[in-house]
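Here is the structure we will look at.
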Amino acid sequence: MSDDEPTTGGSASGGSAGTSSLGASTGTSTRTSTSTSSTGTDAGTGGDVAAADVVSAPRRPWWHWRQLTRGRLRPALAAALVGALLGGTGVAWRTETGPFAGERACWGAFDEDDVADLFHGKRDVETAEIPVTTSRIGSEGPSGRCQLTSPRGARVTARLHQLDVRFGGAGDTWADEYLSARMTPLGGGVLGMVSDTRAWLAIPEGCVGRPGEDQGPLVVDMETGWTVHDDEVDTDERARLARAVVKLANDYMRDKGCTRALADPSDRLSAPARFLDERKDAVCGIEGLRLHGGRKPDGYRRPLVTRGAAPVRTCDRDVVFGHPSLRLMTVADPRLAALYKDLSFDGGRRRVTAVGDTREYSRGQGFLRDDMGLYQAECQTGEVTFLVRADDGDQAADIRALLPRYVAAEAERVGCGPLRLRMPA
Amino acid sequence: MTGGSPVDGTDRPQEGKRFRSRWSGGNRVIRGRAFLRSRRGAVATGTAVALLAGGLGTWATDTWPFDGRDRYCWGAWEEDSGPAVLGDEAFEGEDGHRRTATGTAPTAAEPRGRCVLAVRSTHTFSDGDKGTQDTRVTVTYGPAPKGAADRVEWAVEFLGGRSVPLPEGLPGTVSGSHGLLVLPERCDTRDGRPTAVTLKAEERSPEDVIGSPNLGGADAAVQLLLAAADRGMRAAGCAPAKPLRVTSPLLSLPEREDTSSPSAACRIPGLDVRADLSKEAALRVRDQVGAVTGGLQACSVRIGRSLRLGEREDARVFDALMVREPRLAALLDGVTGTGRPARGWRGTGVLTDDHQAVRARCAGRPTTFLMTGSPARATKRYFVTFTDAVTSRLGCAPVAPRAGAAGAGPSTAASAPESTAEPTAASAAESTAESAAESTAESADGESR
């Protein structure tokens with residue numbers, strides 16, 4: 001067994017012949033050893049005849065290896081060998097393969113410069129990752145995780161996963177953080193958003209196909225921890241995350257064999273949202289939207305409203321650790337609205353219906369709870385979700401007052417109007 | 001790297017030539033034996049280095065001068081360059097693999113072209129039966145068909161159905177089996193009509209077309225379409241300085257056909273086709289939502305074929321299209337004529353029983369609405385419901401006269417199934433609401449005709 005180890009994949013007889021010839025030609029250049037071993041592994045009659053020829057004939061043709069390693073051809077051969085080695089090394093260096101393979105992080109998507117870019121030029125970043133795999137049991141789709149940690153405590157986590165759209169799944173928590181009003185759309189029609197602490201991007205369907213019925217899109221997302229709940233979004237930091245998340249997506253697509261890639265979005269991002277000074281008859285800047293009893297909204301809890309042609313319009317106020325105390329959100333992209341589909345059917349017993357619904361056909365479905373009012377409508381563009389949600393049950397009257405007018409106004413904006421809701425008793 | 005862009009591919013044969021000339025140059029040097037003997041070392045070194053460099057180059061760039069890859073359709077497509085239809089996976093049968101292309105390229109004098117790529121194979125099944133594959137991909141280069149009715153059918157075929165808009169704002173659409181790209185203005189015909197490149201894949205049986213084969217995904221169709229457009233424009237001498245390119249993959253793919261929508265085809269409230277059908281046929285109704293954007297919207301409704309009744313094809317109920325993207329809309333210039341469609345309608349157009357075409361301004365842009373049906377059933381009232389829904393989505397005044405009292409929103413008025421018959425009656429009758437609709441139209445659009 002130990003004799004066979006040096007040769008791999010040869011037949012038993014060929015293998016032993018190979019080892020012996022290798023032993024015999026120790027000390028010669030690699031080129032000669034390969035040529036002998038190939039004659040040896042021929043293991044047929046032809047090889048033996050050739051070997052006999054070589055031994056009997058003292059005068060060898062000029063191209064014979066022994067002739068070549070002698071006399072005036074020797075320097076030429078040596079030069080060629082050196083050239084080949086140099087060339088090979090050059091190719092390896094340029095293509096970053098072999099001994100020149102740089103440290104790559106996050107499933108090979110980031111090189112050292114990319115990581116340094118994320119950590120303000122620091123290069124002492126540790127990486128830990130779970131490769132992207134698809135579980136053969138379950139239907140969660142491909143997933144992977146990667147964590148970059150600097151010794152100073154900064155941490156960036158990247159994930160690839162299919163959005164969890166199941167009832168009571170993780171999707172709602174994801175939406176809290178990743179569809180927050182601090183995020184700006186990546187633009188260019190790409191389904192994704194970015195802030196200075198969060199970024200996400202749905203892998204283009206042209207590469208990975210359309211998700212199955214009642215499945216969420218496949219997304220890459222990144223998070224860098226929490227931030228103070230103000231409206232100051234660091235645009236440099238945001239540009240870094242935008243570049244990084246696009247790199248992750250492009251790397252995944254390349255692995256999937258897709259030849260085209262997404263462009264760097266960092267120079268087309270719109271200005272981040274700023275706190276809104278709202279009037280009492282225009283809550284979240286929506287004309288005619290009032291709190292219960294026409295109260296004036298708390299001036300110290302000003303809302304933040306997403307800007308630009310976003311797949312969502314979110315109005316968040318009083319965000320503590322990623323969770324807003326009150327959120328009014330319209331999810332206009334049907335791929336994301338899938339997050340709320342199960343909830344719209346089963347989220348509450350007090351059903352919300354629309355004017356014009358018949359036994360056969362309804363505009364959508366929804367519910368009203370003390371902490372949340374939600375309606376998912378079937379629009380021409382697909383499912384659109386409208387929701388008003390608080391982080392406790394104390395704002396039930398406000399939610400009830402806000403939902404119908406919010407849905408009417410927003411449905412008109414997204415081209416799904418007129419849509420008038422009937423609230424439960 | 002094998003799936004590189006077609007432009008890269010066109011450079012490969014030239015690279016091959018370069019290698020060959022280097023070879024022949026070497027041969028000439030070897031002429032003098034004396035020279036060889038005296039400079040043997042140098043010659044050997046030179047040859048070895050040249051070979052190594054060449055070999056490394058070919059290996060590193062994954063090219064080979066003698067790869068013998070075939071080219072099809074005006075030289076636009078190269079074998080094994082990515083799309084499934086150009087690779088080995090295009091052949092469904094085991095034997096008789098044959099891929100051929102026939103057709104003529106456009107020229108500067110005659111800027112029209114056509115090419116048919118035929119992929120054929122045969123297969124012998126275990127029971128001795130033989131099957132043949134006959135897949136055809138047809139590419140055309142030229143203006144849209146001239147006749148109004150032909151052009152409507154053509155537009156519906158390429159812009160409707162499952163087609164989605166091309167990425168990065170290119171004026172065109174693509175699906176797994178079809179594609180259309182409107183070329184830049186410098187390729188317009190002398191009388192000002194835009195030139196388009198179309199792509200269409202069909203699976204044929206000896207008798208007729210039996211389906212749409214997959215070109216290798218919609219993303220592959222984009223690649224095929226752009227390669228054909230690029231070659232076509234170069235042959236016709238109107239290629240732009242910067243070639244048309246798509247760098248991004250398709251962001252979203254066509255939707256699935258829906259068989260479950262009860263009474264709102266294509267999610268349009270009130271678009272209920274089942275009332276006109278037999279109970280049995282109503283169960284087989286399928287609707288396909290196409291693009292739904294600011295520039296394009298498509299909806300097609302079919303009755304699925306019944307194998308039990310021996311039907312070979314799905315029966316069309318209607319194909320509806322809204323085109324607002326300027327270059328795509330330019331393809332349809334003239335199909336709506338110059339007259340008013342009917343009393344109470346906005347814009348210009350023609351309304352016949354089996355095909356309708358209306359163009360009117362909507363939210364500041366000329367917008368064309370088309371619908372074609374089958375001679376079997378009238379589609380006029382579906383057209384009213386469709387245009388009402390689309391104008392409401394885009395936020396402009398309806399093009400069709402309002403049914404009943406003015407003030408009721410179009411989709412609420414139509415949302416109850418029993419009220420769908422009303423618009424037809426209203427469109428035929430002279431109603432007082434027309435003038436009201438007209439004035440709203442003018443105030444909404446500013447520059448209504």
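Just so it is clear: chains get the letters A, B, ... in the order the sequence lines come, proteins before strands, and each one is counted from 1.
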message = Between B/Leu251 and A/Val190, does the side-chain contact (heavy atoms from CB on, under 4.5 Å) criterion hold? Intermediate values first, please.
response = CA-CA 7 Å; B/Leu251 298 172; A/Val190 176; 4.3 Å; yes
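- Annotation: maximal heavy-atom pairing with chain A below 4.5 Å, among B/Val49, B/Val222, B/Leu394, occurs at B/Val222.
- For a residue to count as touching a neighbouring chain, one of its non-hydrogen atoms must lie under 4.5 Å from one of that chain's; by this rule B/Glu255 touches chain A with backbone and side chain alike.
- Rounded to the nearest 0.5 angstrom, A/Gln380 CD and B/Ile268 CD1 are separated by 5.0 Å.
- Heavy-atom distances place no part of A/Ala263 under 4.5 Å from chain B, backbone and side chain included.
- Counting heavy-atom pairs closer than 4.5 Å to chain A, the top-ranked of the candidates B/Thr45, B/Leu253, B/Val390 is B/Leu253.
- The shortest distance between side-chain heavy atoms of A/Leu262 and B/Pro249 falls below 4.5 Å.
- With sequence neighbours excluded, the residues that form a side-chain contact (heavy atoms from CB on, under 4.5 Å) with A/Thr381 are A/Cys379, A/Val384, B/Val292, B/Arg393.
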task = Please lay out, stage by stage, how B/Ser248 and A/Arg260 fare under the test side-chain contact (heavy atoms from CB on, under 4.5 Å).
result = CA-CA 5 Å; B/Ser248 131; A/Arg260 289 198 282 268; 5.8 Å; no
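- Crowding of A/Arg405 atom CZ: a count of heavy atoms from other residues, nucleotides or ligands under 6.0 Å not exceeding 12.
- Of all heavy-atom pairs spanning A/Ala84 and B/Leu52, the tightest one is CB-CD1, 3.5 Å.
- In this structure B/Ala48 satisfies the side-chain contact (heavy atoms from CB on, under 4.5 Å) test together with A/Ala80, sequence neighbours excluded.
- For the set B/Cys299, B/Ala291, B/Pro254, B/Gly169, the count of heavy-atom pairs under 4.5 angstrom toward chain A peaks at B/Pro254.
- Within the 4.5 angstrom heavy-atom criterion, no atom of B/Val164 approaches chain A.
- When all heavy atoms of A/Glu360 and B/Arg274 are compared, the pair lying nearest together is OE2-NH2, 3.5 Å.
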